[in-house]
Amino acid sequence: MSVAAELEWQKRAVCYLETSDAPELWTSDRRPHGLLRKELARMCARCPVQARCAADAVFTDAETGTYAGVYLPQNIAANAARRAAAMDELRVIAGLPTAKDDLAYLGMSA
């Protein structure tokens, strides 16, 4: 499958359809505050590709930003616990096992 075909799902996303001229709303390296965070979450909640967005963020170890209504902090040591929690939230939205569930399946503990 071509890269263009693989990314076709993004054209059905609410963020693409309604805020394509303002990508910085979604890719900020700072967590959105207050009303903006709530509005982004509302947009994601009604998005037909929310689960795909969450899965894509997990599988690509996405950069900082808002994906499927979840803010994903930068991948630095200071944010390790918050990033892990956000990744687990994205896994749940995507219908994937959490990191803890993956470890349990492998017979390991966190």
Side-chain angles (χ1 to χ4, degrees):
M1 182 178 292
S2 72
V3 173
E6 181 62 23
L7 296 178
E8 192 66 29
W9 66 269
Q10 293 175 336
K11 291 182 180 174
R12 296 190 331 266
V14 170
C15 60
Y16 177 82
L17 296 170
E18 296 181 14
T19 63
S20 62
D21 59 340
E24 65 278 0
L25 291 175
W26 304 95
T27 59
S28 174
D29 60 350
R30 301 188 87 169
R31 183 173 186 236
H33 292 283
L35 293 175
L36 177 58
R37 185 174 65 245
K38 289 178 183 178
E39 183 56 28
L40 296 178
R42 276 194 290 271
M43 290 174 78
C44 291
R46 63 184 171 82
C47 184
V49 294
Q50 182 185 30
R52 178 65 191 264
C53 178
D56 189 66
V58 170
F59 291 135
T60 63
D61 194 25
E63 297 291 324
T64 185
T66 300
Y67 302 90
V70 177
Y71 178 72
L72 189 60
Q74 288 180 314
N75 194 5
I76 58 175
N79 293 333
R82 287 190 354 229
R83 186 172 174 89
M87 279 294 194
D88 276 346
E89 191 174 347
L90 289 167
R91 285 184 183 97
V92 169
I93 293 167
L96 301 169
T98 63
K100 180 180 167 187
D101 293 336
D102 270 350
L103 290 174
Y105 176 77
L106 296 172
M108 305 166 75
S109 63

Asks: Which pairs count as salt bridge (charged side-chain N to carboxylate O under 4.0 Å, His left out) when at least one residue sits in residues 66-90, sequence neighbours excluded?
Replies: D61-R83, D88-R91

Asks: Check the surroundings of atom CG in L35: do more than 12 heavy atoms from other residues, nucleotides or ligands lie under 6.0 Å from it?
Replies: no

Asks: How about E63: does its CD atom have over 12 heavy atoms from other parts shown lying under 6.0 Å from it?
Replies: no

Asks: Could you check if a side-chain atom of M43 sits within less than 4.5 angstrom of a side-chain atom of E39, using non-hydrogen atoms only?
Replies: yes

Asks: Just verifying a value: how many Å separate C47 SG and L17 CG, rounded to the nearest 0.5 Å?
Replies: 8.0 Å

Asks: Should Q10 and V49 count as side-chain neighbours, where that means a heavy-atom distance under 4.5 Å?
Replies: no

Asks: Side chains of C53 and L90: closer than 4.5 Å at any heavy-atom pair?
Replies: no

Asks: Linking I/L/V/M/F/W/Y whenever their side-chain heavy atoms sit closer than 4.5 Å, directly or via other members, would V70 and L96 fall into one cluster?
Replies: yes

Asks: Is the number of heavy atoms from other residues, nucleotides or ligands under 6.0 Å of R30 CZ greater than 12?
Replies: no

Asks: Please list, chain by chain and in numerical order, all residues satisfying side-chain hydrogen bond (donor to acceptor under 3.5 Å, both in side chains) with T19, sequence neighbours excluded.
Replies: W26

Asks: A quick test of your reading: do over 12 heavy atoms of other residues, nucleotides or ligands sit less than 6.0 Å from CZ of R37?
Replies: yes

Asks: For a quick test of reading the model, state the closest non-hydrogen atom pair linking G69 to C44 and the distance between them.
Replies: N-SG, 3.0 Å

Asks: Given the rule that I, L, V, M, F, W and Y join up when any side-chain heavy atoms are under 4.5 Å apart, are V14 and L40 in one cluster?
Replies: yes

Asks: Hey, does the side chain of T66 reach the backbone of Y71 with a donor-acceptor pair shorter than 3.5 angstrom?
Replies: no

Asks: Are F59 and I93 grouped together when hydrophobic residues (ILVMFWY) are joined by side-chain heavy atoms under 4.5 angstrom apart?
Replies: yes

